[in-house]
Amino acid sequence: MRPAKDFFAPLAVGAPAPVHEVPARPARMIHFFDPSNPKMAAKVPDMVGTVDVLLGNLEDAVKAESKEAAREGLVRIGRDTDFGEHTQLWTRVNALDSPWVLDDLTTLVTEIGDTLDVIMVPKVQGPEDIHYVDRLLAQLEAKAGIERPILVHAILETARGVANVEEICGASPRMQGISLGPADLAADRRMKTTRVGGGHPGYLVRQDPVAGADGTPDYAGERPHFQQDLWHYTIARMVDACAMHGIFPYYGPFGDIKDTVACEDQFRNAFLLGCVGTWTLHPVQVDIAKRVFSPTAEDVAHARRVKEAMGDGTGAVMLDGKMEDDASLKQCLVILELADRLAATDPELAELYAQKEA
Ligand SMILES: CCC(=O)SCCNC(=O)CCNC(=O)[C@H](O)C(C)(C)COP(=O)(O)OP(=O)(O)OC[C@H]1O[C@@H](n2cnc3c(N)ncnc32)[C@H](O)[C@@H]1OP(=O)(O)O
Ligand SMILES: O=CC(=O)O
Ligand SMILES: [Mg+2]
């Protein structure tokens with residue numbers, strides 16, 4: 001165990017000092033692209049300013065024969081693209097047990113380390129994986145003369161990772177956040193869904209049978225049933241672990257690209273539970289993520305009214321027939337803080353929230 005006094009010490013001579021607080025930069029959508037795919041790569045410059053995060057993916061979904069081309073493509077994109085003030089560049093490197101990850105980390109940090117904000121590490125099993133990446137990044141940062149630490153984001157996609165999620169979140173001051181990886185997690189847990197995220201029509205609860213004419217339960221009769229969320233437990237656990245450690249939770253992939261309705265539902269469930277963003281795999285998912293992970297103008301206006309009505313923040317008041325008090329004010333402050341942060345980088349939202357105020 002690293003004692004508290006050493007937690008924020010750089011892990012290599014010459015490496016930048018770790019951050020004490022993870023910067024709360026908007027990351028409503030982490031937009032995945034394959035840097036080895038010329039069509040997708042060509043779209044990156046035009047996406048700057050339209051998405052919060054562009055992520056050059058090197059892991060799953062990139063063919064083995066294209067791993068090197070993807071790495072080189074990302075280096076080119078990192079060097080040649082102006083990401084502006086508000087779009088971050090992240091990468092997802094290959095898994096720690098793969099033959100590619102050492103070259104991914106070495107190449108990316110030394111070639112474009114000053115442009116990369118966050119490195120997403122897949123299939124994290126426990127804090128030991130983060131410790132390995134932490135020390136290696138410090139050595140590479142020192143070698144490359146990088147002045148601010150590159151942050152680390154873990155994907156929660158193994159049963160062992162879920163069991164260790166609190167320790168993973170607290171493993172390093174580099175930890176920026178965690179994403180749910182429902183596809184690998186389903187496989188690792190031996191769940192019986194073949195979908196990439198989202199619900200399943202078989203996972204449901206059904207209303208009790210009503211009594212038939214003879215007073216006994218009519219098991220064959222019409223009984224409403226409701227599909228449940230397969231991912232609720234894991235997302236809730238991830239949100240608690242992240243909140244406890246002051247880092248950020250994210251929903252991951254929603255693979256049914258054509259089902260934009262269910263995608264929006266899944267994103268909104270994650271938003272309501274505390275996630276700050278999601279992955280977007282296709283351009284069609286970007287606006288959905290932007291809409292869902294930005295508070296509505298109505299929510300912001302309501303939060304402002306509660307804040308106003310609560311005066312010094314203590315006591316209880318009635319507003320529109322509902323009780324508001326110190327705790328509900330805190331809920332409203334979460335919305336207002338998020339709205340202010342997003343409005344600072346998104347002029348459309350700034351205008352929307354200001355209009356509602358007027
Ligand atoms: C499940 C576990 C995980 O690890 S999920 C994370 C890994 N997976 C990914 O990163 C997948 C990323 N997305 C993709 O590969 C593609 O979007 C997939 C799903 C294959 C669909 O591609 P495609 O059949 O070309 O779609 P399309 O014809 O509707 O595309 C229209 C135009 O948009 C482009 N496009 C597609 N996806 C992206 C993207 N992520 N970023 C930027 N551009 C994208 C396509 O190239 C196509 O362009 P054009 O109009 O032909 O010039
Ligand atoms: O990497 C993501 C997943 O769902 O697996
Ligand atoms: Mg995965």
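Numbers here simply count residues along the sequence, with the first being 1. All ligand and atom numbering here is 1-based and tracks the order in the structure.
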So is Pro253 touching ligand 2 or not, going by heavy atoms under 4.0 Å?
yes

Does Pro283 come within less than 4.0 angstrom of ligand 1, counting non-hydrogen atoms of the residue?
yes

Exercise check, heavy-atom protein proximity under 4.0 Å to atom 30 (O) of ligand 1:
yes

Minimum-distance protein heavy atom relative to atom 14 (C) of ligand 1:
Met40 CE, 3.4 Å

Vertex the Mg ion (ligand 3), rays to OD2 in Asp184 and OE1 in Glu157 - rounded to 10°:
100°

A student checking ligand 2 against Ala183 at a 4.0 Å heavy-atom cut-off should list atoms 3 (C), 4 (O), 5 (O)

Determine, using heavy atoms of Pro182 and all atoms of ligand 2, whether some pair is separated by less than 4.0 Å.
yes

Quick check against the 3.5 Å criterion: does Arg195 have a side-chain atom that pairs as donor or acceptor with the backbone of Gly255?
no

Under 4.0 Å, heavy-atom basis, I'd like to know which part of His31 is in contact with ligand 1: side chain, backbone, both or neither.
side chain

Please check if the number of heavy atoms outside Arg291 that lie under 6.0 Å from its CZ is greater than 12.
yes

Within the 4.0 Å heavy-atom shell around Asp184, which atoms of ligand 2 are there?
3 (C), 4 (O), 5 (O)

Closest to atom 5 (S) of ligand 1 among protein heavy atoms sits Pro253 CB, 3.7 Å

Side-chain donor/acceptor of His31 to backbone N/O of Pro283, under 3.5 Å:
no

Tell me which part of Trp279 gets within contact of ligand 2: side chain, backbone, both or neither, using heavy atoms under 4.0 Å.
side chain

Who's the nearest protein heavy-atom neighbour of atom 17 (O) of ligand 1, and how far?
Leu281 O, 3.2 Å

Could you identify the single nearest non-hydrogen protein atom to atom 51 (O) of ligand 1 and state the distance to 0.1 Å?
Lys39 NZ, 3.0 Å

Going by distance alone, is a donor N or O of one side chain under 3.5 Å from an acceptor N or O of the other, for Glu324 and Ser328?
yes

Atom 24 (O) of ligand 1: any protein heavy atom closer than 4.0 Å:
no

Candidates Val133, Asn57, Asp104 - the one meeting side-chain contact (heavy atoms from CB on, under 4.5 Å) with Val93
Asp104

Within-cutoff protein neighbour (heavy atom, under 4.0 Å) for atom 39 (C) of ligand 1:
yes

What protein heavy atom sits nearest atom 1 (C) of ligand 1, and how far away is it?
Val196 CG1, 3.5 Å

Do any non-hydrogen protein atoms sit less than 4.0 Å from atom 45 (C) of ligand 1?
no

Can you tell me the protein heavy atom closest to atom 9 (C) of ligand 1 and the distance?
Ala61 CB, 3.9 Å

Using heavy atoms and a 4.0 Å limit, tell me yes or no: is Arg92 in contact with ligand 2?
yes

Ligand-side contact atoms (ligand 1) for residue partner Asn57, heavy atom cut-off under 4.0 Å:
7 (C), 10 (O)

Are Arg92 and ligand 1 in contact, using a heavy-atom cut-off of under 4.0 Å?
yes

Geometric class of the Tyr251/Phe267 ring pair [parallel <30°, tilted 30-60°, perpendicular >60°]:
tilted

For atom 21 (C) of ligand 1, what is the closest protein heavy atom, and at what distance to 0.1 Å?
His282 CD2, 4.1 Å

May I ask you to identify the nearest protein heavy atom to atom 52 (O) of ligand 1, giving residue, atom name and distance to one decimal place in Å?
Lys43 NZ, 2.7 Å

Is ligand 2 under 4.0 Å from a heavy atom in the side chain of Met120, in the backbone, in both, or in neither?
neither

N or O pair under 3.5 Å between Glu157 and ligand 2
yes

